[in-house]
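Worksheet: one structure, shown below.
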Number of protein chains: 2
Amino acid sequence: MNINKSCSNNPNYRQQQFEQNCPIEYTMALIGSKWSIAILRELLKGDRRTHELAEALPGISSKTLTLRLRTLEKHGIIRRKVYPEIPPHVEYSLTEKGRELQPAIAILKQVGQRLLSQEEAFRPLKVNSEVTQRKEA
Amino acid sequence: MNINKSCSNNPNYRQQQFEQNCPIEYTMALIGSKWSIAILRELLKGDRRTHELAEALPGISSKTLTLRLRTLEKHGIIRRKVYPEIPPHVEYSLTEKGRELQPAIAILKQVGQRLLSQEEAFRPLKVNSEVTQRKEA
DNA sequence: CAGGATCCCGTACGATACTG
DNA sequence: CAGTATCGTACGGGATCCTG
């Protein structure tokens, strides 16, 4: 596991350029930016036109939407189909490769649920640094 | 699944403050920032002193390291033990809650490996937008 | 309708000191 | 050794306007 070493001392973390070697960084580059997962979740439900995505993701800016879509496309995660009509018609769909992200997204959700429930249960949520006596003394 | 709706139109994504409801956002708040996973992976190997972490994570600044550690601690992911000695001695360890992040990290790695191998296999890596004829016509 | 071009801002992170 | 304080920067992302 050379991941700790090679992974994160990388200024371009979560950018188009990443360490090229670290699988974790690669995944994070795909799903780590703000709207990526939301877009992917939407496309997991089915193909979507641009404005359908925009409407399903209230708050996203058109700039960010296209930027994320371009990046995902670049990595072969989604496919972009242009129907040369007027008005324009563009449809996005997940590729097979893109569907492989689903388990990752699912786990992120599962783990989050478990951790959230624990957070509610104990309600510490504040720094509870312990001061301990010397280890051996 | 109200996640798309509630999840990501949130300006504080991946910050200490998050939507409080979305599990995915919560997980991303924990592991989404640059050095989080690297730190967690190191602590998964065993308890670590501050400088041990710093040395294992070449490139991280002391500021960022402590910031990440504080955040993780705040969420009950790690534990901070202070041995009041001179020179100071602080030791970090994963909590039980923190260990639950391991499967997520593992999946991120697995998925990344699979996707990376496909990337090498096909080497498209460029935008290959298709222009298609009208759907029905 | 899809999306490019600008302008702007918050902030996460790095570099570099400096303390107890 | 562990951590804070300060300063500077890059960049992700929002808002707005504009085009084919």
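The chains referred to below are lettered A, B, ... by the order of the sequence lines, with proteins before strands, and numbering in each begins at 1.
- For the pair B:V111 and A:A104, the tightest heavy-atom approach, listed with the atom from each and the gap, is CG2-CB, 4.0 Å.
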Working for side-chain contact (heavy atoms from CB on, under 4.5 Å), residues B:L101 and A:L115: CA-CA 9 Å; B:L101 282 167; A:L115 297 188; 3.8 Å; yes

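- Between B:E52 and A:P88, the residue anchored closer to the 5' end of DNA chain D is B:E52, taking for each the nucleotide with the nearest heavy atom.
- Considering only residues two or more places apart in sequence or on other chains, B:E100 meets the salt bridge (charged side-chain N to carboxylate O under 4.0 Å, His left out) condition with A:R114.
- An OP1 or OP2 oxygen of C:dA2 is reached within less than 4.0 angstrom by a side-chain nitrogen or oxygen of A:R49.
- An OP1 or OP2 oxygen of C:dG3 is reached within less than 4.0 angstrom by no side-chain nitrogen or oxygen of A:T66.
- Taking only distance into account, the side chain of A:K34 never meets the base of D:dG13 through a donor-acceptor pair shorter than 3.5 Å.
- Regarding B:R68, its CZ atom lies at a distance of 9 Å from the C1' atom of C:dC13, rounded to whole Å.
- Rounded to an integer number of Å, the gap from A:L72 CG to C:dG3 P is 13 Å.
- Atom CD1 of B:I86 and atom P of D:dA2 are 13 Å apart (whole Å).
- The aromatic rings of A:Y26 and A:H75 lie perpendicular to each other, with more than 60° between the two planes, well past the 30° mark.
- B:Y92 places its OH atom 8 Å from the C1' atom of D:dG3, with the value rounded to the nearest Å.
- At the phosphate of D:dA2, neither OP1 nor OP2 sits under 4.0 Å from any side-chain N or O atom of B:H89.
- Contact annotation: B:R80 side-chain N/O to D:dA2 OP1/OP2 distance is not under 4.0 Å.
- The CG atom of B:L69 sits 7 Å away from the P atom of D:dG3 (whole-angstrom rounding).
- Dashed line: the shortest gap from a side-chain N or O of A:T64 to OP1 or OP2 of D:dG14 is under 4.0 Å.
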CA sep, side-chain torsions, deciding dist, call: B:E42, B:R48, salt bridge (Lys or Arg N to Asp or Glu O under 4.0 Å): CA-CA 8 Å; B:E42 196 58 26; B:R48 289 288 187 273; 3.0 Å; yes

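- Residue A:S61 places no side-chain N or O under 4.0 Å from the OP1 or OP2 atom of D:dT16.
- Between the CG atom of B:L67 and the P atom of C:dT11 there is a distance of 13 Å, rounded to whole Å.
- Note: NZ (B:K63) to P (C:dA15) measures 11 Å, nearest angstrom.
- With rounding to whole Å, B:I60 atom CD1 is found 7 Å from C:dG14 atom P.
- In this structure, of D:dA2, C:dC1, C:dG3, it is C:dG3 that holds the atom nearest to the side chain of A:T50.
- For the pair A:S62 and B:L65, both in contact range of DNA chain C, the more 5′-proximal nearest nucleotide belongs to A:S62.
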